[in-house]
Every structure is written in C-alpha cells, then in structure tokens.
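Below is one structure, written out as structure tokens; the observations come after it.
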Amino acid sequence: MTPTDPVRLYRAVRLIRRFEERAIELVRSGAIVGGIHPYLGQEGIAVGVCAALRADDLVTGTHRGHGHVLAKGADPARMLAELLGRVTGLNRGRGGSMHAADLGVGVLGANAIVGAAGSILTGAVWARRRRGDDIVGATFFGDGAVNEGMLLEAFNLAALWRVPVLFVCENNGYATTMPVEGAVAGTIGGRAEAFGMPAAVVDGQDPETVRLAASAAVDRMRAGGGPELIEARTYRFDAHHTFEHAVRLDYRAPEEVARGRSRDPVEIQGGRLADADRAAVDAEVEATLDAAVEFALASPEPDPAGALEYLYASGLVARMGGG
Amino acid sequence: MPRLSYRKALTRALADEMARDESVFLLGEDIRVAASNVTAGLLKKFGPERVLDTPLSEQAFTNFATGAALAGLRPVVEFQIPSLLFLVFEQIVNHAHKFPLMTGGQCAVPVTYLVPGSGSRTGWAGQHSDHPYSLFAHVGVTTLVPATPADAYGLLVSAIRHVDPVVLFAPAGAMDVRADVDFATLAPVPIGKGRVHRAGDDVTVVAVGHLVHDALAVAEELAGQVSVEVFDPRTLYPFDWDGLTESVARTGRLVVVDDSNRSCGIAGEIMATVVERVRLLAPPRRVTRPDGAVLPFAPALDRAVQPGREQLTAAIQLTMKDG
Ligand SMILES: Cc1ncc(C[n+]2csc(CCOP(=O)(O)OP(=O)(O)O)c2C)c(N)n1
Ligand SMILES: [Mg+2]
C-alpha cells in the first residue's frame with residue numbers, strides 16, 4: 001500500500017472540482033456544445049481509486065467521466081480542448097466529453113453506454129495479464145448500471161476467469177432521475193457476492209477512505225486475487241447533465257441536495273492540510289486551469305474535410321454522402 | 001487434386017493464423033469440442049488459453065474481445081447462431097466499430113466475428129435462419145460473405161490480419177460445398193475485391209454468398225439463350241464498386257440475388273450505385289427475401305421465402321425482354 005499523501009489527494013480532487021466548474025462556465029458561454037455530465041461531488045472516488053493504481057494499470061470511465069480521465073493522469077489542457085472539440089484534444093476533437101480517452105495513461109475511454117465498459121476492461125486486463133504484465137484494472141459505473149445485464153455478465157466472466165478488475169460503483173442515489181430505491185432489487189454488493197466477488201461499501205465522499213479500500217483490493221488482486229467490487233456512496237452536487245440548468249426537473253428536494261452537498265470531498269480532504277499548503281495547491285490548480293482554458297480556446301478547430309478521419313484504422317476511406 | 005470443404009477451409013485458416021501469430025485466439029460457445037465443427041482439433045493444438053470456451057454471455061464476451069484487441073490481441077469470436085448478432089449488434093457497432101474514430105485514432109480494434117451457418121439451415125425456423133449481413137454493411141463494419149472453400153480460407157485469413165473489426169458470414173448453404181483445391185495455392189484473398197466466376201456478355205448477375213452457386217447453375221441452364229456474367233462481391237463492405245462497374249458497363253444489364261430482406265438490403269445499394277455510375281439498357285432487378293421476412297418452419301414455406309433459382313431465371317429473362 002502506498003503511503004498517504006494528503007497533498008496529492010487534495011490537489012487531485014481540487015483539480016477535478018475546478019475543472020468541472022470551469023467546464024460549466026464554458027458550457028454557459030457556448031464554447032462547449034452538447035453540455036456535460038458534471039462530476040461535482042463525486043471527485044473523491046476517482047481520485048481515491050486512481051491513487052491506488054499504477055501508471056500502467058487500466059481504467060474505463062462513464063458518461064460522467066472527466067474525473068476518471070483526469071485522476072488517471074490525463075493532461076487537463078488536452079482534456080479541456082477535447083470538450084471544446086479542438087484538434088489538440090485528447091481525441092483530436094472526435095470524442096468530446098462522453099468519450100474522452102487517453103490510452104497513453106491507461107484510460108480506455110469514458111464510455112457513454114451505461115454498463116458497457118466493464119466487459120471491455122475485463123478483456124483488456126485479461127489480455128495484458130496473459131502477456132505476463134502484472135497489471136490490474138478499475139472500471140467505474142453508476143448505480144444505474146447495476147441493472148444492465150451486460151455488466152452482470154462481466155461480473156461473471158471476471159470472477160470465473162479471475163481477472164483482476166476492481167468494479168467501482170459510484171452510487172450517487174440516482175440514475176438520471178430514477179432513485180436507487182426505485183430501481184435496485186436486493187443490493188449492489190449482493191450482486192457481486194452472487195458471483196463470489198468480495199464487496200465493500202465505502203464513504204465515497206472521503207478520498208482517503210476510498211483510497212484505503214481501493215489499495216487493499218488492488219494489493220489482493222495484484223497478489224493473484226480475483227475481481228472485487230467497491231460501492232462508493234456519494235452524492236451528485238449538480239445536474240445529471242447541464243441541460244438541467246435550463247430545464248428544472250423535480251426529483252430531488254432542496255433539503256436533500258443541501259444535505260448531500262454538506263459532505264464535500266474537497267473540504268474533507270482540504271481539512272487535512274495546513275491553510276498555507278491548501279492555499280498553495282489552490283493557486284497552483286488555478287494556474288494550471290487558466291493555462292488549460294487559454295490553450296483550449298486558442299486551439300484550432302478540426303477541418304471538416306477530415307470529418308471521417310480515423311473511422312478505420314486500416315485507412316479505408318468511406319464514401320461521402322453528397323450527390 | 002485434393003477436395004477441400006468450405007468448413008475445413010475455415011478450420012485451416014484458423015489453424016494457420018494461430019500458428020503464424022501468437023496474438024490470435026478464439027472465443028465462443030462450445031468451441032472446445034467444436035460443436036459447429038469449425039474449431040475441430042484446435043484445442044489440442046493450441047490449448048485452452050487460445051481456444052477459450054465462454055459462458056453464454058454474448059454481450060460481455062463480445063466486449064471482452066474488444067478489450068483484448070485494445071490490449072494488442074487478435075480475437076476471433078465465433079457465434080453459434082446468426083441471430084446472436086442482433087444481441088451483440090450494440091457491442092460491435094457502438095464500441096468495436098466506433099472506438100477508432102471516437103478516440104481520434106488512438107487505437108485499433110482487430111476483432112473477427114465468425115458466423116458459421118448463416119441464413120437458412122432448413123428446419124431451424126424463425127430464430128436461427130437470419131442473414132443479417134446487410135445490417136453490418138449499412139453501419140460500415142467490414143462484411144465478408146465467401147462462397148467457395150478457397151475464398152472462405154483466404155477471406156478468413158485476411159479478416160484475422162485486418163486491423164478493423166470484420167464480420168465473416170459463412171452461409172449454411174455454402175458450408176458443405178467442396179472444391180478441388182491445390183493446397184499450395186491457398187492464400188489470403190484481398191478484402192474489397194470481387195470475383196467474376198463466369199464471364200458473360202448480356203447481363204451481370206451479382207450473387208451473394210451461397211447464392212453464387214445458384215447463379216452459376218442458372219447461368220449454365222440459360223447458356224443457350226443468354227450469356228450471363230456471375231459477379232461475386234465476396235466483400236459487401238467495402239464493396240468492389242470498380243469491379244462491378246467494369247462488368248456492368250460491358251453487359252449493360254444488372255440482376256442482383258441477395259438473401260436479405262428486400263427493404264434496405266444490400267441488393268438495393270448495389271442497384272442504386274450501379275445506376276449512379278452506368279447507363280443501363282434495361283431497369284435493374286433484384287431477387288431477395290420479402291420485406292420483413294421471418295423464415296417459417298415448414299420446409300416448403302422456408303424455401304418460398306428464400307431467393308431461388310426460378311425467381312432468378314425469371315428476373316434474368318424479364319430483364320432481357322425489357323431492353
Ligand atoms: C444503456 C444505456 N441506457 C440509457 C442511457 C441514457 N442514460 C445516460 S446516463 C443515464 C443514467 C445513468 O445513471 P447511473 O448509472 O447511476 O450514473 P450517473 O449518471 O448517476 O453517474 C442514462 C439513463 C445510456 N446512456 N445507456
Ligand atoms: Mg447514479
């Protein structure tokens with residue numbers, strides 16, 4: 001287990017928090033089209049889990065995926081450029097918010113099909129292990145995904161073939177507007193246990209708690225153990241998607257939101273730092289993001305002539321649609 | 001000269017590629033004991049890590065193959081029933097096919113999906129008799145439908161070596177075809193290249209998969225009256241438009257025989273593209289399954305719904321009468 005480094009964890013949650021707040025401003029200004037699914041409030045999970053991983057370990061994220069990509073080590077400037085659809089973006093402007101990927105740091109992509117990524121990651125980790133790499137993987141998914149058959153099939157394959165994948169459920173209480181109680185029969189951990197997988201429930205608002213649980217699981221997996229599940233209880237501070245900023249959906253009482261927001265991962269981790277250290281990290285993060293915004297806004301937009309570039313790795317050129 | 005069956009040609013292609021390239025492995029249901037008879041002998045030769053028998057979890061193991069491909073392997077996924085492709089259409093189209101573009105060229109997904117026994121199997125009724133190759137051509141996944149043993153060998157080899165996802169349909173109606181083959185001449189067949197099986201002057205008949213054999217029989221029957229050229233596209237996507245244009249520009253007439261449902265089947269695309277390029281002497285015709293066809297069980301009903309030789313003969317004669 002790696003020793004606690006409170007400053008590192010704080011820097012990571014603070015970076016994601018401010019990245020998301022900046023991104024929301026850019027949605028409002030129109031620079032980001034299509035909106036985003038903000039990760040606000042859930043930062044401690046991606047940060048805690050990725051702090052337990054090595055650089056060569058693999059992860060997959062979700063539609064609410066900025067935090068996963070950043071926590072695994074992607075460059076915030078190129079991530080932001082991706083959200084703006086610029087050629088300098090991680091995916092050269094071809095993926096956007098929901099598909100941001102950085103294979104160079106082990107992110108096999110945010111994936112916008114709920115429940116899909118777990119099976120992809122299981123195959124990738126299995127393949128790398130077969131080659132002799134002692135890597136592990138972590139796949140993030142929401143409480144909505146635990147009712148997708150594809151994910152439950154992945155639980156079975158990973159457990160059956162002892163593929164070291166950490167299944168990380170970010171239980172924020174809702175799938176869009178559907179409360180967990182209205183959707184999940186039995187329990188989330190019970191699904192894992194049915195496949196013989198250890199399951200733990202952790203406080204997802206505390207990055208250090210998440211890190212400890214993830215490190216313990218990763219250590220067991222690296223030592224030859226099979227997959228495990230962590231259900232991280234959390235709360236989404238903002239909208240399901242920024243479209244909610246314009247269209248009010250009535251599904252969470254204001255008191256509930258206030259209660260949820262009172263346990264803030266940035267404050268919880270920040271409270272572990274001396275004031276001066278915290279202020280220094282905040283300033284550093286702000287400078288990083290100022291530069292990222294400047295970089296992204298100054299980056300060129302892709303040439304429409306190349307709209308279907310990268311469609312085929314084989315270089316096949318598809319027929320275009322004109323007369 | 002030795003006889004090679006279509007089925008054995010597939011087995012041979014798998015064995016040769018597995019021997020040539022360590023990264024090739026097979027996964028699917030009951031492939032250990034070769035229930036479809038295509039993977040016969042491969043477990044013994046290559047072991048259970050490379051002949052991976054899966055639980056009945058098509059969606060997860062299709063994504064698992066995508067993940068393994070992202071990690072550098074070349075999976076070949078066998079599906080027992082063509083309609084299972086409906087179950088995994090999401091995984092093939094939404095993930096394997098989209099990853100290269102969505103990641104801005106960060107990855108390739110070299111997976112082969114092998115469907116031994118596609119189309120009617122006579123007596124297997126509604127849920128085992130589909131032939132959904134047009135769906136894959138429509139979404140732009142490389143789609144192969146070999147008609148002969150040598151092409152089955154050569155196209156499967158090319159599929160496995162290809163860097164993009166490929167679906168290879170081995171029609172039930174062709175699986176028992178045998179041909180005299182000099183094994184020394186077995187070689188990869190280029191993807192996207194059609195083949196003229198029989199040269200003719202009056203009409204080009206485009207026949208897909210097992211229907212190539214019907215088209216050749218009809219051409220022989222009509223030999224005294226009409227000179228029929230039989231064009232086998234072999235690859236439906238990317239289609240050999242230049243090869244077909246060359247043929248139709250010579251004959252001036254086009255008839256397509258295609259085991260797809262009529263609406264939005266590949267025959268429609270073939271006719272549309274030809275009339276965009278060539279001034280024909282007579283309106284083109286197609287022989288297909290009916291709109292929305294579900295194959296009924298009783299053999300006479302099953303046959304009535306499939307494109308047959310009488311219909312093809314009539315279509316050729318009508319086309320000749322038209323101009
Ligand atoms: C398979 C699938 N079904 C539906 C959707 C539409 N959708 C996108 S996000 C979402 C809710 C997901 O909830 P959850 O898994 O709890 O994640 P959260 O949004 O709470 O982070 C839905 C229904 C989708 N993208 N994929
Ligand atoms: Mg949720």
Worksheet item: Do other residues, nucleotides or ligands put more than 12 heavy atoms under 6.0 Å from the CD atom of Gln127(B)?
Response: no
Worksheet item: Should the heavy atoms of other residues, nucleotides or ligands under 6.0 Å from NE2 of His63(A) be counted, would the total exceed 12?
Response: yes
Using a cut-off of under 4.5 Å on heavy-atom pairs, state which of [options] scores highest against chain B.
| options | result |
| --- | --- |
| Asp102(A), Asn156(A), Leu152(A), Leu160(A) | Asp102(A) |
| Gly95(A), Ala116(A), Gly109(A) | Ala116(A) |
| Asn91(A), Thr60(A), Leu58(A) | Asn91(A) |
| Ala101(A), Gly118(A), Ala318(A), Gly89(A) | Ala101(A) |

Over all atoms of both residues, closest heavy-atom pair of [X] and [Y]:
| X | Y | value |
| --- | --- | --- |
| Leu101(B) | Ala307(A) | CD1-O, 4.0 Å |
| Trp161(A) | Thr54(B) | CH2-CG2, 3.9 Å |
| Ala313(A) | Cys107(B) | CB-O, 4.5 Å |

Roughly how far, to the nearest 0.5 Å, is [atom2] of [Y] from [atom1] of [X]?
| X | Y | atom1 | atom2 | answer |
| --- | --- | --- | --- | --- |
| Leu70(B) | Leu103(A) | CG | CG | 6.5 Å |
| Gln91(B) | Met150(A) | CD | CE | 5.0 Å |
| Ile113(A) | Lys98(B) | CD1 | NZ | 7.0 Å |
| Leu90(A) | Thr103(B) | CG | OG1 | 10.5 Å |
| Ser57(B) | Leu157(A) | OG | CG | 5.0 Å |
| Gln106(B) | Leu108(A) | CD | CG | 10.0 Å |

What part of [X] lies closer than 4.5 angstrom to a heavy atom of chain A: side chain, backbone, both or neither?
| X | value |
| --- | --- |
| Glu58(B) | backbone |
| Thr62(B) | neither |
| Ala108(B) | both |
| Leu52(B) | side chain |

Could you look at [X] and say if it's the side chain, the backbone, both or neither that has a heavy atom under 4.5 Å from chain B?
| X | result |
| --- | --- |
| Leu311(A) | both |
| Ala110(A) | neither |
| Glu309(A) | backbone |

Worksheet item: Does the side chain of Phe61(B) reach to within under 4.5 Å of the side chain of Glu153(A), using non-hydrogen atoms?
Response: no
Worksheet item: Does a donor on one side chain sit under 3.5 Å from an acceptor on the other, for Asp164(B) and Ser314(A)?
Response: yes
Worksheet entry | Arg92(A) (side chain) donor-acceptor with Gly104(B) (main chain) under 3.5 angstrom | yes
Item to complete: Output yes when a side-chain donor or acceptor of Gln59(B) lies under 3.5 Å from a complementary backbone atom of Leu151(A), and no otherwise.
Response: no
Discussion item. Would Phe99(B) and Tyr310(A) count as a side chain to side chain contact (heavy atoms under 4.5 Å, CB included) here? Give the steps.
Written reply: CA-CA 9 Å; Phe99(B) 262 51; Tyr310(A) 314 113; over 6 Å; no
Discussion item. Side chain to side chain contact (heavy atoms under 4.5 Å, CB included) for His162(B) and Tyr312(A)? Distances and angles first, verdict last.
Written reply: CA-CA 11 Å; His162(B) 199 59; Tyr312(A) 298 102; over 6 Å; no
Worksheet item: Mind checking which of residues 119-147 of chain A sit less than 4.5 Å from chain B, heavy atom to heavy atom?
Response: Ser119(A), Ile120(A), Thr122(A), Gly123(A), Ala124(A), Trp126(A), Ala127(A), Arg128(A), Arg130(A), Arg131(A)
